[in-house]
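First the structure, in the form of structure tokens, and then the observations on it.
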Number of protein chains: 2
Amino acid sequence: MVADGPEIPAPPWRKQRAGRRRDASRRPLSRELIVDTAIGVLDAEGMDAITMRRIAQELGTGPASLYAHVANKDELLEDVLDRIAAEVALPEPDPARWQEQLKEVAREIRAMYRRHGDIARASLGKIPTSPNVLRIAECELALMRAGGVPPKIAGLAVDRFAQMIDADCIEGTVLAGKSPEGQDPHEFYAAFVPQVRAYFEALPAERFPNIVAMAGELTGGDDDDRFEFGLDIMVRGIASYAEGRPPAG
Amino acid sequence: MVADGPEIPAPPWRKQRAGRRRDASRRPLSRELIVDTAIGVLDAEGMDAITMRRIAQELGTGPASLYAHVANKDELLEDVLDRIAAEVALPEPDPARWQEQLKEVAREIRAMYRRHGDIARASLGKIPTSPNVLRIAECELALMRAGGVPPKIAGLAVDRFAQMIDADCIEGTVLAGKSPEGQDPHEFYAAFVPQVRAYFEALPAERFPNIVAMAGELTGGDDDDRFEFGLDIMVRGIASYAEGRPPAG
DNA sequence: ACCTGAACACCGTTCAAGT
DNA sequence: ACCTGAACACCGTTCAAGT
């Protein structure tokens with residue numbers, strides 16, 4: 001803390017350097033602080049609001065200053081991902097419940113992504129190398145090994161599993177991102193689905209017999225239902241390779 | 001065709017309007033032509049090169065001119081997706097082979113995306129409503145219904161299926177996008193994987209026993225292997241719900 | 001060593017004005 | 001009706017210069 005008396009205005013002829021001189025009482029710039037700020041912006045306004053310029057502004061400086069601490073935006077996003085990955089609670093493996101436990105982990109990750117804007121977009125396709133993300137992969141591998149899933153299958157499955165969760169969370173934000181300014185995305189979505197259903201039902205039945213007949217099923221579930229279904233068929237598929245147990249049914 | 005003699009230069013004092021007057025001999029602007037041009041740019045340089053400005057430039061005009069024919073960039077991308085979706089060859093359903101046929105369709109879609117840059121990014125999360133995309137969904141539904149998959153399951157599966165293919169294709173381009181200027185992305189990737197493997201192997205074994213032990217499996221398959229595996233467990237999961245047949249094994 | 005202003009080379013979209 | 005120039009409000013990143 002610095003003792004600060006009432007501020008004396010700078011002489012007006014000493015032109016003001018755009019007024020964005022960093023307040024000396026603030027924490028000095030650091031990678032930590034930049035990541036903190038990015039997460040703050042992310043939580044409040046979503047991933048599109050994470051720009052180098054915006055974060056710099058939040059810190060009372062210009063975008064160029066950030067580059068002394070992070071190589072580029074990609075690296076910053078990686079740090080953000082690692083930091084929030086630490087929030088994911090992981091179970092102690094119980095071989096009898098490995099399939100349910102695997103689903104629990106997936107739900108935890110999804111909930112974490114949902115708390116933090118749409119940052120999943122920055123995860124898809126990245127090879128995990130940061131500690132907190134690896135910690136999650138380690139747990140998934142342990143669960144599958146406990147369940148008798150062969151190493152080769154488990155190795156592939158952990159990749160596909162992460163991809164599925166990323167994709168689901170991205171998908172969840174695409175439509176939300178289209179909802180008009182200020183309107184609740186959930187409401188917007190709820191109002192949109194019946195229109196899609198009506199559209200499917202009105203399609204020419206000769207060309208699209210199944211879509212017309214199954215318009216209800218195609219537009220039925222909400223996003224949680226779809227996620228659970230995807231999780232379910234994936235875990236069933238993985239379980240069908242587990243040694244010494246019948247395929248889940 | 002217009003008869004065109006040798007061009008007479010405009011008087012230099014009649015200042016040149018930036019020299020980008022549209023050549024009158026070209027096809028007039030239209031939604032068709034804009035989509036054509038976008039696909040050309042996409043195929044040659046990838047999705048990041050699809051910008052309103054770039055397409056306009058390709059057509060010898062300014063970006064504002066495009067807005068007379070497409071509402072915005074999103075709508076343009078939707079048109080691009082519909083156009084290329086027409087390239088996907090679809091099988092006649094054979095109930096005995098429905099699982100393999102479903103996989104074939106997935107492979108066709110993936111091959112189509114790979115021919116066209118990384119446009120899959122524009123598909124993830126979008127509800128399909130355009131005819132050529134619906135045509136694919138219709139076929140998938142027909143295959144699953146032929147295989148005895150209950151309507152509710154098939155309705156959810158068609159959504160998850162598309163999501164998985166989109167995600168796989170996006171993933172495939174993320175790493176490629178990181179390969180340094182000019183270098184072959186495939187080579188770059190091939191050189192990168194052993195480094196990741198070495199990194200996994202060098203991790204502290206107390207904290208990451210499974211990652212260390214399975215470093216080989218985790219970095220083993222190429223992108224085709226991973227895609228086929230994801231397809232396999234997904235179809236197995238779907239098949240486990242088919243009526244009147246045992247889960248695939 | 002750390003930070004900064006200014007610039008570079010871009011974006012999507014709007015809008016008044018032209019033909 | 002169709003097209004355009006110019007502008008608006010942005011991007012990520014670099015670099016010479018300051019402290």
Side-chain angles (χ1 to χ4, degrees), chain A residues 10 14-35 37-38 41-42 45-80 121-122 174 177-178 180-181, chain B residues 10 14-35 37-38 41-42 45-80 121-122 174 177-178 180-181:
Chain A
R14 200 189 284 188
K15 63 176 163 176
Q16 267 229 229
R17 307 260 257 133
R20 51 142 80 126
R21 200 115 201 56
R22 263 177 70 54
D23 181 341
S25 72
R26 300 235 202 117
R27 292 155 70 190
L29 281 188
S30 69
R31 187 181 268 255
E32 287 278 313
L33 181 57
I34 292 168
V35 173
T37 308
V41 171
L42 171 66
E45 293 173 53
M47 185 175 163
D48 284 336
I50 301 190
T51 69
M52 300 307 266
R53 291 175 131 88
R54 173 65 195 282
I55 293 164
Q57 190 196 82
E58 213 79 21
L59 291 165
T61 184
S65 302
L66 307 181
Y67 287 86
H69 300 94
V70 291
N72 50 42
K73 193 181 174 182
D74 254 38
E75 198 185 281
L76 170 56
L77 290 176
E78 221 179 286
D79 276 22
V80 168
R121 238 160 52 199
V174 170
K178 285 198 176 181
E181 193 64 39
Chain B
R14 199 189 284 189
K15 63 176 164 175
Q16 266 227 231
R17 306 260 256 133
R20 51 141 81 126
R21 197 114 203 56
R22 266 176 69 55
D23 182 340
S25 73
R26 300 233 206 120
R27 292 156 69 190
L29 282 188
S30 69
R31 188 181 266 257
E32 286 279 314
L33 181 58
I34 292 169
V35 173
T37 307
V41 170
L42 171 66
E45 293 173 53
M47 184 175 162
D48 284 337
I50 302 191
T51 69
M52 300 306 266
R53 290 174 131 89
R54 175 64 195 283
I55 293 164
Q57 190 195 82
E58 213 79 21
L59 291 166
T61 184
S65 302
L66 307 180
Y67 288 86
H69 300 93
V70 291
N72 51 42
K73 193 181 174 182
D74 254 38
E75 197 183 283
L76 170 57
L77 289 175
E78 219 180 288
D79 276 22
V80 167
R121 237 159 53 199
V174 170
K178 285 198 175 183
E181 194 63 40

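Worth knowing before you read on, the calculation uses all heavy atoms, side chains too, and leaves out hydrogens, waters and symmetry mates.
Across C:dC3, C:dT13, D:dT13, the shortest atom-to-atom separation from the side chain of B:Pro63 is found for C:dT13. Minimum atom distance to the side chain of B:Ser65 is reached by D:dT4, of the listed D:dT4, D:dC11, C:dT14.
One C1' atom belongs to C:dC10, the other to D:dA9, and the distance between them is 13 Å to the nearest Å.
One atom, CD1 of A:Ile50, and another, P of D:dC10, lie 17 Å apart when rounded to the nearest Å. The separation between B:Gln57 atom CD and D:dT4 atom P is 14 Å, rounded to whole Å. Rounded to an integer number of Å, the gap from B:Tyr67 OH to C:dG12 P is 7 Å. Atom C1' of nucleotide C:dC11 and atom CG of A:Asp48 are separated by 13 Å, given to the nearest angstrom. Following rounding to the nearest Å, B:Ile55 (CD1) and D:dC3 (C1') show an atom-to-atom distance of 17 Å. Between the CZ atom of A:Arg54 and the P atom of D:dC11 there is a distance of 9 Å, given to the nearest Å. Atoms CE (B:Met52) and C1' (D:dG5) sit 17 Å apart, rounded to a whole Å. One can place CG of A:Leu59 at 16 Å from P of C:dC2, the figure rounded to the nearest angstrom.
Residues A:Arg53 and A:Ala68 both approach DNA chain C. Their nearest nucleotides, taken by heavy-atom distance, put A:Ala68 toward the 5′ side. A residue-by-residue look at A:Ala49 and A:Ala71 shows that A:Ala49 has its nearest nucleotide of DNA chain D further toward the 5' end.
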Next item on the list: Let me see the working for B:Leu66 and B:Leu76 under side-chain contact (heavy atoms from CB on, under 4.5 Å), right down to the final yes or no.
Entry: CA-CA 10 Å; B:Leu66 307 180; B:Leu76 170 57; 5.7 Å; no
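Counting heavy atoms from C-beta outward, A:Arg53 and A:Gln57 have side chains that stay 4.5 Å or more apart. Contact annotation: the side chain of A:Asp79 never approaches that of A:Ile34 to less than 4.5 Å [non-hydrogen atoms, C-beta and beyond]. Side-chain contact between B:Asp48 and B:Arg121 is present, with heavy atoms from C-beta onward closer than 4.5 Å.
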Next item on the list: Represent DNA chain D in dot-bracket notation, 5' to 3'. Only Watson-Crick or G-U wobble pairs with both distances under 3.5 Å count; pseudoknot-style crossings use [ ] and interstrand partners use |.
Entry: ||.|||||...|||||.||
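Shown here for A:Val41 and A:Glu58, the closest heavy-atom pair between the two residues is CG2-OE1, 4.2 Å. Residues A:Glu45 and A:Ala49 share a closest heavy-atom pair of CB-CB, 3.6 Å. Annotation for A:Met52 and A:Val70: closest pair CE-CG2, 4.0 Å, computed over non-hydrogen atoms. When all heavy atoms of B:Pro28 and B:Leu33 are compared, the closest pair comes out as O-CD2, 3.5 Å. Across all their heavy atoms, B:Ile50 and B:Ala38 have their closest contact at CD1-O, 3.8 Å.
Under a cut-off of 6.0 angstrom, the local environment of CD in B:Glu32 is sparse, with at most 12 non-hydrogen atoms contributed by other residues, nucleotides or ligands.
Within 4.0 Å of A:Ala64, counting heavy atoms only, lies at least one base atom of the nucleic acid.
Note on B:His69: every side-chain N or O is 4.0 Å or more away from OP1 and OP2 of D:dA1. Not one side-chain nitrogen or oxygen of A:Thr61 sits closer than 4.0 Å to the OP1 or OP2 atom of C:dC3.
For DNA chain D, the residues of residues 72-79 of chain A within the heavy-atom distance limit of 4.0 Å (strictly under) are A:Asn72, A:Lys73, sorted by number.
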